[in-house]
Asks: 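My structure is below; once you've seen it, I'll send some questions.
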Amino acid sequence: MTNPGTNPYLEAAKRASLWHAEYRRKMKSCRFDTIAVHGIYSMQEALDFNQGSIIEPIYMSTSQGYRDADEMEAALGYRIPTWCYSRIANPSIYYLEGVLSLLEGFGGDFETSCIATSSGMAAIQSAIDPFLVTFHGQSDKPMNFVASAQVYGGTYQQFMMRKQYDRNIEWRKVINTTDLQEWESRIDENTRFLYGELPSNPCLGFFDIKAVADLAHKYNIPLIIDSTVATPALLRPLLYGADIVVQSVTKSLFSSGFGICGAVIARKNITSNIDNPEMKADFAQYLKLLPNRDNGPNVSPMNAILALNDIRTLRSRMDLFSRSTTTVAKFLEKHPQVECVDYLGMESHSLHELASRYMFLVDSEFDELYGRKVNRYGHLMSFQIKGDAKKTREVFDALTMIWRATDLGRIKSVATIPAISTHSQQGEEGRKLAGIPDNLIRLCIGGEHPDDIIKDLDQALSVLDGLKIHVTFPEFSAGGASSARIKKEE
Ligand SMILES: *Cc1c(COP(=O)(O)O)cnc(C)c1O
């Protein structure tokens with residue numbers, strides 16, 4: 001090839017891009033469930049290029065071959081849509097990114113884009129790192145970022161150890177996130193972004209997204225939200241001014257629990273005080289083409305397709321889980337052995353009103369079951385038992401159907417004691433800041449009937465009445481855990 005202008009692939013690529021953009025626009029006008037089911041995979045694409053396969057194909061190949069030098073040159077110069085190498089892009093991952101960007105931007109009249117990552121932690125790292133750079137001419141004083149103290153345990157470690165300890169980037173913690181003045185008092189000219197979880201895992205912290213987004217923009221910095229607990233079926237922070245959303249796709253989006261995956265979804269033209277026009281124009285695309293290409297935190301095509309397949313039923317699942325969680329929370333609230341229940345859906349919760357302004361089951365007004373906007377608060381709740389750390393373990397150990405696992409968003413209900421699991425590494429002081437007492441059990445309600453979940457909780461709590469339940473696992477048996485015996489004794 002002599003002159004890039006004569007490359008025959010450029011014209012074809014332009015036509016394909018226009019067609020894809022048109023299809024995306026068409027999908028954007030559909031209801032949430034339709035987008036979740038079909039995403040950006042069209043019938044025409046299936047028939048023309050994918051043997052008519054009605055499900056998005058998995059391209060496990062590491063690399064793409066090219067017809068000739070012209071095509072290769074245009075592809076590797078990012079001048080035609082291509083995937084060249086799966087660390088950078090891949091058709092199966094493309095479908096996942098397409099559907100997530102549409103769902104997270106659902107209801108907004110702005111454009112969004114998405115990059116999938118190997119995990120939620122990789123998504124957080126990918127989302128914040130481009131702001132933690134020193135540019136020529138910028139102040140060389142230590143940088144900082146302002147983020148709520150109540151965050152997921154892994155996020156706490158990443159912020160505390162990998163950023164503050166390893167790199168001397170200060171994490172300025174906001175303790176009372178509903179206090180706008182506290183947020184503002186932490187910001188200075190070296191602040192690179194604001195960050196929060198909505199709702200937070202496991203303490204269900206919540207704040208006024210719109211007010212905090214406005215505050216960020218007043219200081220010319222972005223607001224980044226981890227919206228894993230809500231999912232786009234219940235909350236879409238971009239609609240209220242957030243610049244970037246991170247998702248641990250691993251959780252409710254990828255409900256079957258077959259793999260780890262994350263995603264960064266951003267609106268186009270984000271706010272930032274970093275002088276990097278390319279980054280601000282299309283943040284997710286920038287990550288894809290540059291930092292994540294260089295750092296390599298990409299997801300495998302297999303995980304991408306499996307996640308995509310679960311996302312199709314996201315809305316109805318989140319509705320079911322939320323309703324069951326409300327039922328379970330009401331039961332626990334009345335239980336004599338329960339000190340208190342923490343669930344945003346309870347009217348008694350101090351953040352109930354605030355959360356009710358933001359958390360709705362998407363499209364419920366078009367659902368014949370509801371016919372109006374209905375609040376839904378997700379499937380994460382916690383409760384404190386009347387007792388100490390030891391008693392908490394006893395109740396926990398007595399669960400027979402609810403899994404003891406540090407997980408969230410599964411089709412199966414899971415429970416954890418955050419103080420000894422997700423939040424053990426941050427020590428007592430960190431847990432105090434995050435509001436994690438020893439007698440707290442976090443519950444994440446799945447798809448079982450709530451009657452059976454309640455039965456399991458009730459019998460587990462009965463250990464506090466002095467009635468002991470032992471679940472004994474034989475040391476060795478061919479049946480393994482399936483032959484566990486349950487023995488009750490006084
Ligand atoms: C699990 C979780 C993460 C981390 O995601 P991984 O996929 O496990 O890396 C981040 N944020 C929240 C709120 C989470 O629950």
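Note that the structure is a prediction, hence the values are computed from the model and not measured. Counting starts at 1 for both ligands and their atoms, in listed order.
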Asks: Using a 3.5 Å cut-off on N or O atoms only, is T250 in polar contact with ligand 1?
Replies: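 Looking only at distances, the answer is yes, because the N/O contact criterion of under 3.5 Å is met.
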Asks: Tell me, with the steps shown, if Q64 and T82 meet side-chain hydrogen bond (donor to acceptor under 3.5 Å, both in side chains).
Replies: CA-CA 8 Å; Q64 178 187 22; T82 183; 2.8 Å; yes
Asks: Assert yes or no for the condition that the ring centre distance of H352 to Y377 is strictly below 6.0 Å.
Replies: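 For H352 and Y377, the ring centres are under 6.0 Å apart.
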Asks: Does K251 reach ligand 1 with a nitrogen or oxygen that is under 3.5 Å from one of the ligand's nitrogen or oxygen atoms?
Replies: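 Checking ligand 1 against K251, an N or O pair does fall under 3.5 Å apart.
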Asks: Closer than 4.0 angstrom, basic N to acidic O: yes or no for D188 and R172?
Replies: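 Yes, charged N to carboxylate O under 4.0 Å.
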Asks: Identify, for atom 12 (C) of ligand 1, the protein heavy atom at the shortest distance, and state residue, atom and that distance.
Replies: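 For atom 12 (C) of ligand 1, the nearest protein heavy atom comes out as D226 OD2, 3.4 Å.
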Asks: Can we say K390 and E394 salt-bridge, meaning some charged N sits less than 4.0 Å from an Asp/Glu carboxylate O?
Replies: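 Salt bridge flag = yes for E394 with K390.
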Asks: I want to know if ligand 1 touches I260 in the polar sense, i.e. an N/O pair below 3.5 angstrom.
Replies: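 Min N/O separation from ligand 1 is not below 3.5 Å for I260.
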Asks: Pick one of side chain, backbone, both or neither for how L408 approaches ligand 1, counting any non-hydrogen atom pair under 4.0 Å.
Replies: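 Contact part for L408 vs ligand 1: side chain (C-beta onward).
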Asks: For atom CD of E339, decide whether the heavy atoms of other residues, nucleotides or ligands shown that lie under 6.0 angstrom number more than 12.
Replies: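 Check passes, neighbour count above 12.
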Asks: Could you name the option among C261, S248, P199, S200 that has the heavy atom nearest to atom 8 (O) of ligand 1?
Replies: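 Considering heavy atoms of C261, S248, P199, S200, the nearest to atom 8 (O) of ligand 1 sits in S248.
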Asks: Honestly, is R376 close enough over Y370, meaning NZ or CZ under 6.0 Å from the six-membered ring centre and within 45° of the axis?
Replies: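 Relative to the ring axis of Y370, which defines the angle, R376 lies inside both limits.
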Asks: Given G120, S118, A122, P202, which one has a non-hydrogen atom that is nearest to atom 6 (P) of ligand 1?
Replies: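 The option holding the nearest heavy atom is G120.
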